[in-house]
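Computed from a prediction, not measured in an experiment: that's the story for all the values here. These values consider heavy atoms only, across backbone and side chains, with no hydrogens, waters or symmetry-generated copies.
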Amino acid sequence: MRKLVWFLAFVAAALWSLMIWAGYAFLGWANEAVAGAPGAWGLPPDMALWVSWAGYLFEQLGQGAAIVIWILGLGLILLLAFVASLFFGARRNPPAERFPAPGRVERRVFRPDPQQAPPAVEPRPAPLRAPTINWGRSTDRR
């Protein structure tokens, strides 16, 4: 199921990329169409200069906006895929581990009786310390 989630996420990311960059290409095409033939759109010649300038400005701003929106959309798609893969994640107790294999010794946990007093603990002896050896040095300083 996790593989399906990630496959669908990558398909969604590809479609998102296609939609964003097709929209940006349409913005450039519309700008060239208006700037290339101002008379066809019913604009006066001096107004065509302003429309062309504004179109190129919006195209450049549109490129930055398209990149930011594209990255935010991809991040959201991948975040949703990550959350879904956690939701559809691996099982906590796989069927193979639920039942021990034949001949396998199962571990038992020691649980003391709460009514019984704990056993007495004997004190440990102090650890032995190794003598310090001064190699090549005399201990008497004269």
Side-chain angles (χ1 to χ4, degrees), residues 1-38 40-44 46-142:
M1 189 70 172
R2 291 173 69 177
K3 290 181 182 180
L4 178 65
V5 167
W6 282 106
F7 175 75
L8 291 176
F10 285 120
V11 167
L15 291 175
W16 174 253
S17 298
L18 182 68
M19 185 180 72
I20 288 292
W21 296 117
Y24 174 68
F26 177 75
L27 181 66
W29 175 80
N31 181 35
E32 289 176 10
V34 170
W41 300 97
L43 297 175
D46 54 341
M47 182 77 152
L49 178 65
W50 288 99
V51 170
S52 174
W53 178 81
Y56 284 118
L57 176 68
F58 287 136
E59 184 179 355
Q60 294 303 314
L61 292 176
Q63 182 181 17
I67 290 172
V68 169
I69 293 171
W70 177 63
I71 289 173
L72 290 175
L74 283 180
L76 181 67
I77 290 170
L78 295 179
L79 178 70
L80 289 175
F82 178 73
V83 169
S85 70
L86 289 179
F87 182 70
F88 295 117
R91 297 179 185 154
R92 299 277 185 239
N93 296 322
E97 293 182 74
R98 239 184 252 165
F99 304 104
R104 189 172 164 188
V105 179
E106 75 178 59
R107 290 195 263 166
R108 297 176 187 233
V109 178
F110 172 73
R111 291 187 175 89
D113 185 17
Q115 302 297 329
Q116 188 178 8
V121 179
E122 298 177 12
R124 292 185 182 184
L128 298 175
R129 296 183 65 109
T132 306
I133 300 173
N134 294 327
W135 297 97
R137 291 187 183 175
S138 169
T139 55
D140 18 298
R141 305 250 176 194
R142 296 186 197 181

- request: Can you tell me which residue pairs pass the side-chain hydrogen bond (donor to acceptor under 3.5 Å, both in side chains) test with a partner in residues 66-82, sequence neighbours excluded?
  value: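 Every side-chain hydrogen bond (donor to acceptor under 3.5 Å, both in side chains) pair that includes a residue of residues 66-82, provided the two are not neighbours, is Ser17-Trp70.
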
query: side-chain hydrogen bond (donor to acceptor under 3.5 Å, both in side chains): which pairs involve residues 5-14, sequence neighbours left out?
result: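 Listed once each, the pairs would be none.
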
Validation row: Phe10, Val5 side chains within 4.5 angstrom (heavy atoms):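 No, every pair of side-chain atoms sits at 4.5 Å or beyond.
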
- request: State, with a plain yes or no, whether a side-chain heavy atom of Phe82 is found less than 4.5 Å away from one of Leu86.
  value: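 Yes; the side chains approach each other to less than 4.5 Å.
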
- prompt: Does Leu76 have any side chain to side chain contact (heavy atoms under 4.5 Å, CB included) partners at least two apart in sequence or in another chain, and if so, which?
  reply: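 By the side chain to side chain contact (heavy atoms under 4.5 Å, CB included) rule, Leu76 matches Leu80.
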
message: According to side chain to side chain contact (heavy atoms under 4.5 Å, CB included), who are the partners of Leu15, at least two apart in sequence or on a separate chain?
response: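 Leu15 satisfies side chain to side chain contact (heavy atoms under 4.5 Å, CB included) with Val11 only.
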
task: Enter the distance from Ile69:CD1 to Trp16:CH2 here, rounded to the nearest 0.5 Å.
output: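 The CH2 atom of Trp16 is 7.0 Å from CD1 of Ile69, to the nearest 0.5 Å.
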
task: Can you sort out the partners of Phe26 under ring pair (Phe, Tyr, Trp, His ring centres under 6.0 Å), two or more places apart, ordered by chain and number?
output: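 Partners of Phe26 under the ring pair (Phe, Tyr, Trp, His ring centres under 6.0 Å) test: Trp29.
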
